[in-house]
Amino acid sequence: MDASTIGLVAFGLVILLLALRVPIAFVLAGVATVGTFLIYAFRSGSFMPERAINPTSSMVVNSFFELIHSYDLSMIPLFVALGNIAYHTGITTRIYDAANVWLRSVPGGVSVASLMGCAGFSAISGSSIACASTMGRICVPEMLRLGYNPKLATGSVAAGGTLGSLIPPSVLFILYGIFTETSISKLFLAGILPGLLTLLGYILVVIWWTSRDPGAAPIDPTPLPRGARLRAAISAWPAVLLFTVIIGGIYGGIFTATEAAAICVVLTILIGFLEGSLTLRSMWMAIRESLVQTSAIFLIAACAKIFVSFVALTGAAGMVSQWVAEAGLSHLVLMLAICALYLFLGMFLDPVGIIVLTLPFVIPMVDNMGMDLIWFGVIVVKLLEIGLITPPVGLNVFVIGNVTDRSIKVDTIFAGVSRFLAMDIVVLAILVLVPAISTIIPNGL
């Protein structure tokens with residue numbers, strides 16, 4: 001049996017099994033192991049399984065070993081721990097608290113504050129799901145209490161939660177960098193302007209929404225005590241400090257992304273204990289949560305590495321790349337096809353699953369076309385971000401539905417994110433047509 005044929009059949013089988021909700025780690029490792037075994041068993045023309053055992057087990061073990069011993073992989077537990085510790089110290093929500101105080105007298109101000117809070121949370125945690133979950137518990141009840149339209153209240157937070165994928169530090173950028181062997185520090189810097197552009201687009205949606213329907217976002221009439229705005233702004237200093245250390249340190253070449261994560265973890269612990277907001281109990285809870293989340297990511301990444309080695313063995317990626325080259329597709333047509341693929345997969349699969357499943361096939365095509373892999377990484381993460389609020393399996397939508405008033409139906413939340421989803425498509429088009437938005441900051445390194 002031809003190796004490339006086995007590779008393409010395996011890809012289709014992976015899609016089928018994921019659609020049946022089989023855990024992605026088991027799917028990737030299982031299909032890759034069986035596929036590798038078949039390739040070696042049929043190598044002589046006839047089926048000889050005894051010749052396939054040693055090379056198959058060697059491939060699985062070596063792939064696992066290579067990934068686990070990757071220095072860049074150490075960023076994931078550090079940034080995950082940073083987000084969890086910062087959450088337990090209350091640092092992650094201070095941007096929202098400050099913005100809420102300053103904007104509460106503006107139409108749609110709490111919704112805009114929730115978006116800014118999501119951006120601030122994302123700049124520390126790097127997780128879209130955690131951002132949507134935490135901010136959903138805080139912001140949505142406050143907006144509903146003030147009489148906000150449930151679509152606006154839930155839609156703005158669900159959309160805002162996706163900023164965790166694009167604004168650094170981002171776990172998706174780390175995984176992309178590891179599997180494509182591109183600079184993770186440059187990917188972090190490349191995500192800054194697209195992340196801010198997305199935030200600006202969301203804010204414009206709120207402004208447009210409230211201008212057409214002022215009743216959708218009543219103004220909070222509660223008077224503020226003297227000095228409340230100044231105190232709120234000052235209280236946000238830890239979040240600003242952590243983001244400055246991460247981005248300023250990387251851009252200034254003072255330390256690597258891994259070192260920035262380690263320094264910020266230490267800073268967060270010190271701030272928490274000095275302020276009295278972090279106890280040994282909450283510290284242990286943050287560490288335990290980080291271990292669980294990191295273990296899940298590591299397992300998926302290790303199994304994905306096995307799948308990547310299998311795809312390389314089949315030569316299927318090279319065959320697909322050759323088809324694209326022979327078709328004579330322009331850069332724009334190829335990007336439109338890739339965007340359509342990711343948007344389609346985003347309707348059914350989670351972001352980590354999509355990125356580890358598609359990169360082995362997509363990156364050779366993009367690289368052969370001479371496209372910038374840093375810019376392409378931003379596009380991929382933006383597409384994965386859009387998938388988080390795309391029906392029928394928009395993860396952020398279901399997260400908001402689980403952490404807020406159960407009387408609000410999922411259909412209502414999907415209706416609320418539809419306007420933000422349209423803005424996402426506009427921002428995506430801008431990023432595709434103007435690559436400089438993504439590359440201007442990392443190229444300054």
Side-chain angles (χ1 to χ4, degrees), residues 18-19 21 24 80 83 114-115 117-123 125-137 139-140 151-176 191 194-195 197-199 201-202 205 293 296-297 300 338-359 377-404 408 410-428 431:
L18 291 177
R21 292 290 177 260
I24 184 170
V80 170
S114 71
L115 291 170
C118 286
F121 190 107
S122 302
S125 74
S127 170
S128 294
I129 302 300
C131 181
S133 176
T134 302
M135 300 307 294
R137 288 189 179 95
C139 305
V140 175
K151 294 180 181 179
L152 175 59
T154 57
S156 58
V157 180
T162 65
L163 293 170
S165 298
L166 202 54
I167 294 179
S170 166
V171 172
L172 293 180
F173 272 141
I174 296 174
L175 291 175
Y176 177 90
L197 179 62
T198 302
L199 174 61
Y202 288 164
V205 170
Q293 294 165 8
I297 295 173
I300 294 173
I338 291 174
C339 288
L341 171 65
Y342 274 86
L343 290 174
F344 174 74
L345 293 177
M347 296 172 63
F348 306 101
L349 304 178
D350 65 277
V352 174
I354 296 173
I355 200 169
V356 299
L357 178 62
T358 58
L359 288 185
V378 173
I379 300 301
V380 167
V381 172
K382 180 61 185 176
L383 288 163
L384 297 174
E385 178 184 274
I386 294 173
L388 289 169
I389 54 174
T390 303
V393 190
L395 292 179
N396 276 18
V397 171
F398 286 95
V399 168
I400 295 298
N402 287 331
V403 301
T404 56
I408 300 177
V410 172
D411 291 347
T412 300
I413 307 175
F414 272 122
V417 301
S418 60
R419 295 169 174 85
F420 298 96
L421 187 58
M423 178 56 71
D424 269 332
I425 300 300
V426 173
V427 172
L428 174 64
L431 295 177

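Under the 4.5 Å side-chain criterion, counting only non-hydrogen atoms from C-beta, Phe420 is in contact with Ser156. Using a 4.5 Å cut-off on side-chain heavy atoms (C-beta onward), Thr154 and Val417 make no contact. For the pair Ile167/Leu199, no side-chain contact is recorded, criterion being any heavy-atom separation below 4.5 Å from C-beta on. Looking at heavy atoms from C-beta onward, Val397 lies out of side-chain contact with Pro391 at the 4.5 angstrom threshold. Counting heavy atoms from C-beta outward, Leu384 and Val380 have side chains that approach closer than 4.5 Å.
A side-chain donor-acceptor contact under 3.5 Å links Thr162 to the backbone of Ala159. Put simply, the side chain of Thr358 gets close to the backbone of Ile354: a donor and an acceptor are under 3.5 Å apart. With Thr134 contributing its side chain and Cys131 its backbone, the two residues share no donor-acceptor pair below 3.5 Å. A side-chain donor-acceptor contact under 3.5 Å links Ser128 to the backbone of Ser165.
Atom OG1 of residue Thr390 and atom CZ of residue Phe414 lie 8.0 Å apart, to the nearest 0.5 angstrom. One distance of note links CG of Asp424 with CG of Leu166; it measures 9.5 Å at 0.5 Å rounding.
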Open item on the list: Show, in sequence, the C-alpha distance, side-chain angles and deciding distance for Ile300 and Leu175, and conclude whether the side chain to side chain contact (heavy atoms under 4.5 Å, CB included) test is met.
Closed with: CA-CA 10 Å; Ile300 294 173; Leu175 291 175; over 6 Å; no
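Using modelled atom types and a 3.5 Å distance limit, the side chains of Thr198 and Lys382 yield a donor-acceptor pair.
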